[in-house]
Structure formats: C-alpha cells, structure tokens
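These notes are about the structure you will find just below.
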Amino acid sequence: DAKTTQPPSMDCAEGRAANLPCNHSTISGNEYVYWYRQIHSQGPQYIIHGLKNNETNEMASLIITEDRKSSTLILPHATLRDTAVYYCIVRVDTDKLIFGTGTRLQVFP
Amino acid sequence: SAVISQKPSRDICQRGTSLTIQCQVDSQVTMMFWYRQQPGQSLTLIATANQGSEATYESGFVIDKFPISRPNLTFSTLTVSNMSPEDSSIYLCSVVRWGNTEAFFGQGTRLTVV
C-alpha cells in the first residue's frame with residue numbers, strides 16, 4: 001500500500017505558486033520522498049526528490065519538515081501545462097515506486 | 001533522463017489472445033519495472049524484471065498471466081496472456097539508470113480487449 005496521503009484535488013491560478021502537500025508520517029530513516037506527475041495520457045514524469053534537506057531544481061522546490069513526516073511540492077509559477085496528477089512517493093534508494101492516488105492539480109487562467 | 005521506447009503504443013486485441021509489449025532503453029539500466037494503469041486509476045506495479053532470471057511479481061499478479069523477460073540490461077518484454085476485457089489498460093515500462101535513483105517511464109501501451 002502507498003505510504004503517503006495527499007488531497008485528491010487542488011486548484012491554482014495561472015502564474016501563482018502551487019503548493020501541494022503530502023503526509024508521510026511512517027517514513028523510515030532511509031526512505032526518500034519522490035514527486036512525479038502524470039499529464040493526461042502520458043507516462044509519469046519525474047519532478048524532484050529529497051531525503052531531509054529542501055531541494056530545488058528547474059521544475060520545482062521540495063520542502064521537507066524537520067521530522068520528515070510531511071512535505072510540500074512547490075511549483076513557483078504555475079502554468080496551464082502544469083495541470084496534471086501529482087504523486088508523492090516514499091522510496092528506498094532504487095527500489096520500486098508504489099503509487100497512491102495522487103493530487104489532481106487544475107491550473108486555471 | 002533515459003530514452004525509453006515502448007512498442008506497440010496501442011493495440012486492440014481479441015479476447016483469448018496474447019500480446020507482447022516491448023520496452024527498449026537507449027542505455028544500460030539497473031532496474032526495470034512494469035506497471036498497469038486501469039482507466040481512471042493510479043499506477044499499479046505488476047513486477048520487477050530481473051536480468052537473466054525470473055521476474056519478481058507483486059501480490060495479485062502471476063507469471064502465467066503476465067510472463068516477463070529481460071534478456072539484457074536494455075530490453076524487456078511483458079506479455080498479457082489469454083486476454084479478457086478486464087485487461088484493457090495502459091501498460092508502462094519504468095527504468096532506473098546506472099548511477100541514478102530516479103525512475104523514468106515510457107509513454108505506455110494502450111491496450112483495448114474486445
């Protein structure tokens with residue numbers, strides 16, 4: 001079973017920051033937090049991952065709480081093309097990815 | 001990222017027949033996985049394809065229904081056997097490259113069983 005909890009859906013205005021929360025209260029010390037997204041009819045796309053420090057790349061920022069029990073994915077300036085289902089996954093190293101139900105983000109004009 | 005080619009991209013098959021899906025990667029990878037995504041649902045892991053040995057199946061999936069091969073570090077096949085309409089799904093290949101931890105996905109094979 002998935003070890004994360006995400007809200008089923010969220011809305012965001014274009015140009016605003018989208019903040020997607022994820023709870024992973026049972027995360028183990030060696031498990032990373034990964035974020036993927038799936039745009040309709042495409043394969044999932046890797047976004048970012050982290051262990052305990054905050055991470056940033058060209059797509060997004062990942063904020064992990066100090067106790068590692070929750071995290072937030074931030075898309076700083078959402079566009080219509082960011083409309084997708086976003087999956088938060090906890091995973092050990094190169095182990096398999098187990099997907100939950102994710103958050104359906106709708107970006108509106 | 002890895003370049004992953006899945007074939008076919010889509011197919012319509014008769015019930016009772018079998019379909020083999022191919023996953024070809026442009027470089028050697030450590031891990032290869034097969035997923036199923038039923039209509040309107042999230043992804044479900046079918047199995048881990050092991051190079052040169054039998055695949056490791058997740059609960060609810062069996063080798064007789066979903067035989068998997070992985071003859072080398074860049075190629076794997078998934079066969080959906082004795083198909084029924086309930087097998088209509090998108091089947092996706094996922095890989096992890098050497099020296100990396102991120103998993104990358106192919107574009108999937110959209111299967112419709114009639």
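Each chain gets a letter, A, B and so on, in the order its sequence line appears, and its residues count up from 1. The figures here come from the full heavy-atom set of this structure, side chains too, leaving out hydrogens, waters and symmetry mates.
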>> Under 4.5 Å from any heavy atom of chain A, what part of B:Glu58 do you find: side chain, backbone, both or neither?
In response: side chain

> Which pair of heavy atoms, one from B:Thr101 and one from A:Arg91, lies closest together, and at what distance?
Replying inline: O-NH1, 2.6 Å

> What closest approach, in Å, do A:Tyr87 and B:Leu43 show between heavy atoms, and which atom pair accounts for it?
Replying inline: OH-CD1, 4.3 Å

>> Please find the pair of heavy atoms, one from A:Gly43 and one from B:Gln107, that lie closest to each other, and give the distance.
In response: N-OE1, 3.6 Å

> Just wondering, more than 12 heavy atoms not from A:Arg104 lying within 6.0 Å of its CZ?
Replying inline: no

> Most heavy-atom pairs under 4.5 angstrom with chain A, which of B:Gln6, B:Gln37, B:Arg110?
Replying inline: B:Gln37

> What part of A:Gln38 gets closer than 4.5 Å to chain B, counting heavy atoms only: side chain, backbone, both or neither?
Replying inline: side chain

> At what distance, to the nearest 0.5 angstrom, does CD1 of A:Ile47 lie from CD of B:Glu102?
Replying inline: 12.5 Å

> Within a radius of less than 6.0 Å around CD1 of B:Ile12, do more than 12 heavy atoms belonging to other residues, nucleotides or ligands occur?
Replying inline: no

>> Between B:Leu45 and A:Ile98, is there a side-chain heavy-atom distance shorter than 4.5 Å?
In response: yes

>> Less than 4.5 Å apart, side chain to side chain, heavy atoms only: is that true for A:Tyr46 and B:Asn100?
In response: no

> What is the minimum heavy-atom distance between B:Ser42 and A:Phe99, and which atoms define it?
Replying inline: OG-CB, 3.4 Å

>> Rounded at 0.5 Å granularity, tell me how far NZ in A:Lys96 sits from CD1 in B:Ile46.
In response: 13.5 Å

> Is the gap between the ring centers of B:Tyr35 and A:Tyr36 under 6.0 Å?
Replying inline: no

